[in-house]
Amino acid sequence: MKQIFLFFALLANLALIITFALGWRIEDAASIEEAARQQFSMHFLFALASTAFVLLVHAIVLTYFMGTGRWIEETTQAYKFDDAARKQNIQLKYKFIPGMVFCMCIIIVTGAFGAIADPASNAQLAGSATIHFSLGMLTVVANILVSLIEYQQISRNTDLVDAVYAEVLAVRKERGLP
């Protein structure tokens with residue numbers, strides 16, 4: 001899972017950085033010139049795709065921890081192991097969940113302010129372009145930091161799963177099971 005997550009996290013964060021750069025390049029979003037409209041369209045489409053992908057990556061991480069947590073719980077019950085591994089898995093999970101939820105919310109709020117900043121939008125708010133820009137920077141930085149934390153927790157959880165699996169193999173060998 002570590003390698004898969006690393007690949008997806010790098011791709012997701014790169015997509016956010018590209019989206020930010022495309023937004024930075026827009027000189028005048030209200031311009032009706034074709035070049036300006038193409039810049040805006042590229043930023044908008046990249047933002048939609050990167051938002052969906054970033055949310056997917058966070059959802060995959062949460063699903064991974066839910067699945068391994070359930071496996072550890074059932075394995076410790078079935079083999080009557082100490083409950084320490086399950087408690088450690090829960091601690092690992094709750095170290096990244098607040099940051100992950102923050103990232104998921106901030107990317108949605110950033111998109112909402114991007115929609116409000118669009119000159120063609122019916123909903124206009126003074127300073128929405130500045131707010132969207134600031135939220136965009138926060139989104140990129142927060143997702144990079146949370147990705148690092150998620151990677152650390154996935155690495156630790158992988159070690160935990162390996163340790164529980166080694167215990168299972170030892171018990172099965174001791175009992176003469178395949």
Side-chain angles (χ1 to χ4, degrees), residues 1-20 23 43-115 132 134-178:
M1 176 63 182
K2 290 190 302 189
Q3 293 84 5
I4 294 169
F5 172 75
L6 189 59
F7 174 73
F8 282 152
L10 288 172
L11 202 60
N13 286 306
L14 180 63
L16 284 177
I17 292 168
I18 291 170
T19 300
F20 184 81
H43 172 67
F44 177 74
L45 292 173
F46 232 89
L48 286 176
S50 62
T51 296
F53 191 66
V54 166
L55 294 174
L56 174 69
V57 170
H58 288 305
I60 288 170
V61 172
L62 185 60
T63 303
Y64 165 75
F65 271 93
M66 289 170 53
T68 58
R70 184 67 179 192
W71 179 82
I72 290 171
E73 179 183 6
E74 290 177 359
T75 303
T76 54
Q77 287 174 356
Y79 285 89
K80 297 180 183 18
F81 292 154
D82 183 23
D83 208 27
R86 189 172 91 63
K87 289 177 183 174
Q88 190 177 356
N89 172 265
I90 291 170
Q91 287 176 340
L92 292 173
K93 184 177 3 182
Y94 287 114
K95 283 185 181 175
F96 76 86
I97 285 181
M100 181 190 69
V101 170
F102 175 76
C103 286
M104 294 172 88
C105 290
I106 198 71
I107 198 165
I108 293 169
V109 171
T110 302
F113 272 97
H132 175 63
S134 301
L135 287 172
M137 285 193 304
L138 178 63
T139 299
V140 171
V141 171
N143 268 284
I144 290 171
L145 292 176
V146 169
S147 293
L148 292 172
I149 293 168
E150 286 173 335
Y151 182 76
Q152 287 176 333
Q153 301 308 72
I154 288 170
S155 296
R156 291 177 182 152
N157 194 61
T158 300
D159 295 340
L160 182 63
V161 168
D162 290 344
V164 172
Y165 187 64
E167 280 186 71
V168 168
L169 291 177
V171 168
R172 293 182 70 81
K173 185 177 180 182
E174 179 182 298
R175 294 179 184 169
L177 299 170

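When a residue number appears, it is its place in the shown sequence, counting from 1.
In this structure Leu145 satisfies the side chain to side chain contact (heavy atoms under 4.5 Å, CB included) test together with Val141, sequence neighbours excluded. In this structure Thr158 satisfies the side-chain hydrogen bond (donor to acceptor under 3.5 Å, both in side chains) test together with Tyr64, sequence neighbours excluded. Residues that satisfy the side-chain hydrogen bond (donor to acceptor under 3.5 Å, both in side chains) test with Asp159, not counting sequence neighbours, are absent from this structure. Under the rule for a side-chain hydrogen bond (donor to acceptor under 3.5 Å, both in side chains), the partners of Glu74 that lie at least two apart in sequence or sit in another chain are Arg70.
For the atom pair Asn157 CG and Leu92 CG, the distance stands at 5.5 Å (nearest 0.5 Å). Taken to the nearest 0.5 Å, the OG1 atom of Thr75 stands 10.0 Å off from the CD atom of Glu73. A distance of 9.5 Å separates CG of Asn89 from OH of Tyr94, quoted to the nearest 0.5 Å. Atom CD1 of Ile108 is separated from atom CG of Leu135 by 12.5 Å, given to the nearest 0.5 angstrom. Separation of atoms CG (Asp83) and CD (Gln77) is listed at 8.0 Å; rounding is to 0.5 Å.
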Please output the side-chain donor-acceptor pairs of residues 5-15 that fall under 3.5 Å, not counting sequence neighbours, one pair per line with the distance.
| from | atom 1 | to | atom 2 | distance (Å) |
| --- | --- | --- | --- | --- |
| Asn13 | ND2 | Ala9 | O | 3.0 |
| Asn13 | ND2 | Ser147 | OG | 3.0 |

Name the atoms and distances for all side-chain donor-acceptor pairs under 3.5 Å in residues 96-106, with sequence neighbours left out.
none

Got a list of side-chain donor-acceptor pairs under 3.5 Å for residues 45-58, not counting sequence neighbours?
| from | atom 1 | to | atom 2 | distance (Å) |
| --- | --- | --- | --- | --- |
| Ser50 | OG | Thr19 | OG1 | 3.0 |
| Ser50 | OG | Phe46 | O | 2.9 |
| Ser50 | OG | Ala47 | O | 3.3 |
| Thr51 | OG1 | Ala47 | O | 2.7 |
| His58 | ND1 | Glu150 | OE2 | 2.9 |
| His58 | NE2 | Asn143 | OD1 | 2.8 |

Could you pull out all donor-acceptor pairs under 3.5 Å where a side-chain atom in residues 160-178 meets a protein atom, sequence neighbours excluded?
| from | atom 1 | to | atom 2 | distance (Å) |
| --- | --- | --- | --- | --- |
| Arg172 | NE | Pro178 | O | 3.1 |
| Arg172 | NH1 | Tyr79 | OH | 3.0 |
| Arg172 | NH2 | Pro178 | O | 3.1 |

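A 6.0 Å sphere centred on CZ of Phe44 holds no more than 12 heavy atoms belonging to other residues, nucleotides or ligands. Summarising the local packing, CE of Met137 is surrounded by more than 12 heavy atoms from other residues, nucleotides or ligands at distances under 6.0 Å.
Judged purely by atom type and a 3.5 angstrom limit, His132 uses its side chain to pair as donor or acceptor with the backbone of Thr110.
Among pairs with a residue in residues 87-97, none fulfils salt bridge (charged side-chain N to carboxylate O under 4.0 Å, His left out), at least two apart in sequence or across chains.
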